[in-house]
Amino acid sequence: MRTSSSRRGRRTAAAAVAAVVTGTVLLTGCGSDTDDEAGKDAGKITLRVGTFGSFGYDNKTGAKLYAEYERLHPNIKIEESNVSDGQKYWDTLKLRLSQNSGVADIQAIEVGYIAEATGESMASKWVDLSKEGGADTSKFLDWKVKQATTGDGKVIALGTDIGPMAVCYNKELFGKAKLPTDREEVGKLWNGDWSKFLTVGETYKKNAPAGTAFHDSASGLFNAVLSSDPVQYANSSGQLDWENSPGVKKAWELGVKAAEGGLTAKLRQFDEKGTWNAAFKNSKFATVACPSWMTGIIKDQAGPANQGKWDIAAPPVAGNWGGSFLAVPKASKHAKEAAELAAWLTAPEQHAKVFAVNGNIPSTKDTLLSSTVQNAKLPYFGDTPVGKIFSSAAAGIQPAVISRYDGQVKTFLTDNGILDIEQRGTDPAKAWENVKKLVEDKIDQ
Amino acid sequence: MATSVRAEQGGTPPPAAPPSPPAPRGRRRRSGPGGWRSTLYRWDVKAIPYVFIAPFFLTFAAFGLFPLIYTGYLSLNRVELGGTAEWKGLENYTDLATSEFFWNALLNTFTIGVISTVPQLLMALGLAHLLNYKLRGRGFFRVAILAPYATSIAAATLVFAQLFNTDYGMINTLLDWVGIGPIDWNNSKWPAQIAISVIVTWRWTGYNALIYLAAMQAVPQDLYEAASLDGASRWRQFISVTIPSIRPTIFFTIIVSTIGATQLFGEPMLFGGSVGISGGSGHQFQTLSLLMYEKGWITGALGSASAIAWVMLALLLLLGGIQALVSRRNRKKLGD
């Protein structure tokens, strides 16, 4: 009895001590917090920016735009959370938007998903940036603004970069195949028409070094041809109508022709197993469709050993592949400040700074023509005037209407359609039927 | 020996039993101090076990039961990721029945399951039999056999994907020496399925072998002595003594492997690289789990993905039922 009571006593004492300790910790914790906010950081707010891939804003490797903005606005602190996989980023963002919780104050949107973001189910979730934040939408390329405009005229996102496309080619392989190597002459070979590009491919094949192909992949070619066509997966009213699209038909025919004619290296772009990457290193193919951001990939994958071998020529037809936007969700706690930051980040001056560091081609008209962009050169590609090439490609872009299913249909057409023809020799007519069935099965849920 | 241990273990509950007779008395005298105490004691004895097992069941309810029921509800709706549910009844299921992608995935799951499970279990039996002999460094081999199981699926699959690479892979190089032309392990249907089965077999053989080994150790040594006195060879002993003695264990591994095979996901997904989710460009190795993932997360059709999940559950229950029936009949036969 005695022992038990004394034990109980000890326990009570321990509990009391614990309560006092936690209480003090909580009190002091709270105290120091309030001190901080009330004292030196009155009204200081944190703005969170959600991005994927590389936007070139951050303070470490980017243009240090956040640090600069924080200096200009002492009451604001910026945090960026970055996800490398664009698809996963978008899926998470959709889920959070639907729950109205967990979203960042600024969310980046890739062009492939902008139609979904402006679509009826999501349009009401965003702040109208033509009204809030003071951005001057007239500075952007008209089609870039149009892509982010909803049916009732709200501009839900501001353009960051665009993906004007050229053709990167391996000078050494071109030389061995008795083709011209000067970028002006190469551009002239296929100027104006993608089918001329295939004719050059036939010529290449006749004299090509053993084990090399003209183009990297038939699905890459499909994508390049389609990216330069004003009619893609959707009709003029924004409805998915890929089966009747002249652009898809043309791109499919050329892709199939290249695959069956043995003009491609039968690879899949961005293959996770790295076979495509290895092919850059081993010079397995001579050309690849080259949006501005592709130059970085070539540089990394082909490596220092191949420096000076690659060059960039004008594309047969100007096209756009990629590019992004910044949007402010209504669920943001600091929507006003976030809209101001988004407007500042996408203003022409900032576009120029990001281009200088990260090579992203700006989506504002004046910046495209500015001397920073026009005089930009890439040492890896033998001082190619990339700025001139890509900005003139940008000038020729014919904007396409995009639908919310574009990304998925593209995956089916390339990964399950053209790749199947290319790698497994499936009959093109059958492959087309397969894609049709896939779209029916997976999209009309 | 074993019975005495069990009796001791079973002996713990009895101390709990005595208080139960006075229980009614305690209820009558609730106001009295002694009554309160005995009520507490009764509660202690009766409720505490539930409190101790509660964490498992609460976790199971939150992360097992609720998702299961919610998935069932979703499967009757048209749900998009981030959208609201729209009642569809059984339409998701009837759509599956007419979808060639579903049947293709089902067939692939079955064929990959068979060509990975059967050799895997046979090899495990053989290995266990060999390890059951007295040999030098037995401990080392018994641990080493479990190493593949301890390897992560991702690491193992990436290594095998390199080995099976059509252009640069070691397996095609070796086949080339023997004079067999390069096999397209990625894109041809059967080679791709065999390659995936090899990864599964490699990972799980050792695990099953250890289970068999444990069962084999429990087989009485006298049986073997009697058999060898009767002039039975090692092989004969394996067939006539070992196999019948560990039959329940064999059934257990078959059930576990079947469940594993039905849920096959990581290996084909990683083996296929970027087109892994659709099981290759022509769906040549897309399993049910992959189809479910593709529907749910790539195209955002959560309703129809949930329907696939429930079909998989139904399939497993069906297979489990069949196996239970077979094993019961077997046990009866043994009992006779």
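FYI, side chains are in, hydrogens and waters are out, and symmetry mates aren't considered; it's all heavy atoms of this structure. Since the structure is predicted, the reported quantities are computational estimates derived from the model, not experimental observations. Letters A, B, ... are given to chains in the order of the sequence lines, protein chains preceding strands, and every chain is numbered from 1.
Around OH of B:Tyr93, the count of heavy atoms belonging to other residues, nucleotides or ligands within 6.0 Å exceeds 12. The local environment of NZ in A:Lys257 is sparse, with at most 12 non-hydrogen atoms from other residues, nucleotides or ligands closer than 6.0 Å. Within 6.0 Å of CH2 in B:Trp87 there are more than 12 heavy atoms belonging to other residues, nucleotides or ligands.
Using a 4.5 Å cut-off between heavy atoms, A:Lys284 contacts chain B through its side chain alone, with no backbone atom that close. Heavy-atom distances place no part of B:Ile277 under 4.5 Å from chain A, backbone and side chain included. No part of A:Asn100 comes within reach of chain B, as not one of its non-hydrogen atoms sits under 4.5 angstrom from that chain. If you measure heavy-atom distances from A:Phe270 to chain B, the contacts under 4.5 Å come from the backbone alone. For B:Tyr168, the part lying under 4.5 angstrom from a heavy atom of chain A is the side chain only.
Along residues 415-437 of chain A, the residues that come nearer than 4.5 angstrom to chain B, judged on non-hydrogen atoms, are A:Asp415, A:Asn416, A:Leu419, A:Asp420, A:Gln423, A:Arg424, A:Asn434, A:Lys437 in order of number. Below 4.5 Å, heavy atoms of chain A meet heavy atoms from B:Asp184, B:Asn186, all part of residues 172-186 of chain B.
The shortest non-hydrogen separation linking B:Ser274 to A:Asp271 is OG-CA, 3.2 Å.
Taken to the nearest 0.5 Å, the OG1 atom of A:Thr275 stands 7.5 Å off from the CD atom of B:Gln162. Expressed to the nearest 0.5 Å, how far OG1 of B:Thr166 lies from NZ of A:Lys266 amounts to 11.0 Å. A:Leu438 contributes atom CG, which lies 7.0 Å from atom CD of B:Glu294 (distance to the nearest 0.5 angstrom).
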